[in-house]
Amino acid sequence: MPRLVIIKGADEGKQIDLAATVVAVGRDGANQLRLHDTEVSRRHAEFRRQDDGYVLVDVGSANGTFVNNQKISQATLKPGDHISFGQTLLLYSSDSAAGTEAGDLAAKITLITRPDLDISSAIIKTISEGEGSRLLSKPGDASPWLKNALAHLTIMYEASQATSHILDPNELLDRILELVFGSVPADRGCILLTTDSDALAPKAVRWRKVSDRQEFQLSRTIVDHVLREREGVLVSDAPKDERFNTGQSILRFGIREVICVPMKGRHETLGAMYLDTQMTAREIAERKTALGKFTEDHLALAIAVAHQAALAVEETRYHQAMLQAERLAAIGQTIAALSHHIKNILQGLRSGSEILKMGLDEKNDKLIQQGWRVAEKNQNRIYDLVMDMLSYSKDRVPVVEPTDINEMTREIVELLAPRAQEMHVKLELSLADNVPAVPADPEGLHRALLNIIANALDAAEGRPDPKVTIGTRADESWARIIVLDNGPGIPPQQVQEIFKPFVSTKGSRGTGLGLPVSRKILREHGGDIVVQSQVDAGSKFTLRLPIKSPLTQDFGATMGDMPVYPPPEE
């Protein structure tokens, strides 16, 4: 049965078997093959079954249908064909049992085994597996015949190497020109790309000699011809060519030979690559300079490299578009989550304001105090939300100083004692005596520990005999602050989610940023937060700080019998 495999695009990895007589493709949900691609029409094309296979028919799409990079209105498909709809690329394959031309390669190839054959006696020359890349990168080491064969292949090899890891289009195109100058005897060269307004903008320029570097004025006449006719040109004597000799730049700047090729990508021409040689005024007058620096081989090489460069630019633009889409999606999710929290806070402020207004109208001090408490509580929530957002979004290097974590823990417990008393939660301290001062940012660590203990109080509230215990421990490598509560615990499937932004188990009471901010602070110190939890038994949060080096990691510490997150490394 014929099959379509999406190998690029928003639906990458999706497969569909072509079983029906007609299979419609498009952005609309009514199509049998729905593509989440904004460049695809609602009903873009149809796969129609015939006796000899499937025919692909474009049904009036806006951006066209392409088979093997050729725009089609109708085409009979063969196994291995690449089909493009917008930014989506599909591979067409047929059933190997159907007896098609492609067939099953495995069934056509038989490995003959001769166990009694001494193969070593038949080998007259060997070559190592790394020799291929060495010859491509250094063809000068090859024999004369192989050297000539590899001369132009080397630049393609190096161009593919460049396009595989250079993401900046300008840097990439500059590298492409550098490679071209290694094989083409041009005096000057540049690459121009079309902008959104169809104007040409230079993106890379190069001169053979440093002394020749000046304002680069090229022949617009030739470039326009190349882009209009969609063909590369080799002009061996530009001043005498009737098509181009009207161009003043050709005469004024002594342009003698020109290679100009279009940069054709998958679906469109992105610009042009321009190379030329120049003559002095005396050479122009005498016309004795030997012709023929450029050859047809140079023209073929230039258009091949230009095509590869165009594909790389398209890939880079696609990658940037995908990143931008991901950023916009993340921004949308963030705004939606923040709007929810801000709405709850504003509702609290409105309730407090209404109670305050009622108390002032009735001159009722009790109502005024009640309204103020509600307003003050939501004011603090706004402050906490803003501070958490700033802490989470800003990369910072901790301003470390020797910090007594025992003393800091006592201060935070004293600060939260009134709140614990109001919630009827018992706070206990269990501080070790042998805990040394650790290099830490007191302000950041204070905020992280305050978040963890406050969360523990919220978890323990309303439980039988609610209790939160805070302890400190230390060994040769790590100092630990342990916060233990007897709350409801965290289900195993949720433990890994609690450190994600805007994930909160408190409902409207939490911002969903406290734990992510706390972990971020600990990791900035070279430490981490480790969680152990059991449902209906409670949770244990351990804040680990390195005593000596902020880069020390110790995920192998024993944390008891409860499941640990993150899991220890072996």
Side-chain angles (χ1 to χ4, degrees), residues 391-392 394-416 427-456 459 468-486 489-490 492 495-500 513-534 537-570:
S391 299
Y392 188 76
K394 182 180 179 181
D395 290 329
R396 59 190 295 272
V397 177
V399 182
V400 298
E401 60 184 67
T403 304
D404 186 340
I405 62 173
N406 277 350
E407 183 61 30
M408 177 180 292
T409 303
R410 288 192 192 95
E411 291 177 1
I412 295 175
V413 169
E414 290 177 3
L415 179 65
L416 292 176
L427 269 178
E428 288 186 351
L429 274 176
S430 176
L431 306 179
D433 296 330
N434 64 336
V435 180
V438 297
D441 182 340
E443 181 179 349
L445 184 58
H446 185 281
R447 181 166 186 79
L449 184 56
L450 183 65
N451 275 335
I452 299 299
I453 298 177
N455 284 346
V468 173
T469 303
I470 304 100
T472 56
R473 303 288 185 270
D475 55 31
E476 294 181 357
S477 302
W478 296 92
R480 294 178 173 84
I481 306 174
I482 302 165
V483 180
L484 183 66
D485 67 69
N486 63 347
I490 306 170
V495 172
Q496 299 187 27
E497 303 292 321
I498 61 175
F499 289 104
K500 293 182 178 180
L513 283 173
L515 284 177
V517 167
S518 299
R519 165 165 278 186
K520 180 174 181 290
I521 292 171
L522 266 293
R523 288 184 170 178
E524 287 171 348
H525 285 76
D528 205 347
I529 299 178
V530 178
V531 183
Q532 299 167 256
S533 187
Q534 287 184 351
S539 301
K540 179 181 179 181
F541 284 75
T542 303
L543 289 71
R544 303 180 306 172
L545 288 165
I547 291 179
K548 295 180 180 179
S549 170
L551 299 179
T552 302
Q553 294 292 333
D554 177 24
F555 290 104
T558 301
M559 301 303 296
D561 297 328
M562 290 189 289
V564 177
Y565 181 79
E569 294 181 356
E570 295 183 356

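Note that this is a predicted model, so its numbers are computed, not measured. Sequence positions, counted from 1, serve as the residue numbers for this chain.
- In this structure, OG in Ser518 is found 7.5 Å from CG in Asn455, a value given to the nearest 0.5 Å.
- One distance of note links OG1 of Thr469 with CG of Asn486; it measures 8.0 Å at 0.5 Å rounding.
- For Ile547 against Ala479, the heavy-atom pair with the smallest separation is CG1-N, 3.7 Å.
- Partner Arg519 forms a side-chain contact (heavy atoms from CB on, under 4.5 Å) with one of Ile452, Ile529, Asn451, Ile498 and no other, that one being Ile529.
- Thr542 OG1 to Asp528 CG: the interatomic distance, rounded to the nearest 0.5 Å, is 10.5 Å.
- Nearest heavy atom pair, residue Ser533 against residue Ile490, reads OG-N, 2.7 Å.
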Can you list the steps and then say if Leu522 with Leu545 is a side chain to side chain contact (heavy atoms under 4.5 Å, CB included)? CA-CA 7 Å; Leu522 266 293; Leu545 288 165; 3.6 Å; yes
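- Of the options Ile470, Ile481, Leu445, Ile453, a side-chain contact (heavy atoms from CB on, under 4.5 Å) to Ile412 is made by Ile453 and by none of the others.
- By the salt bridge (Lys or Arg N to Asp or Glu O under 4.0 Å) test, Glu407 pairs with Arg410, sequence neighbours left out.
- Within the 3.5 Å criterion, the main-chain N or O of Pro546 finds no donor-acceptor partner in the side chain of His525.
- Leu416 approaches Ala454 most closely through the heavy-atom pair CD1-N, 4.1 Å.
- Asn406 is linked by a side chain to side chain donor-acceptor pair (under 3.5 Å) to Thr472, counting only residues two or more places apart in sequence or in another chain.
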For residues 428-439, dump all side-chain donor-acceptor pairs below 3.5 Å to protein atoms at least two apart in sequence or in another chain.
from: Glu428; atom 1: OE2; to: Lys426; atom 2: NZ; distance (Å): 3.2

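- A distance of 11.0 Å separates CG in Leu427 from CD in Glu414, rounded to the nearest 0.5 Å.
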Run Glu443 and Arg447 through side chain to side chain contact (heavy atoms under 4.5 Å, CB included) and show every step you take. CA-CA 6 Å; Glu443 181 179 349; Arg447 181 166 186 79; over 6 Å; no
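- Looking only at side-chain heavy atoms (C-beta outward), Ile405 and Arg480 stay at 4.5 Å or farther from each other.
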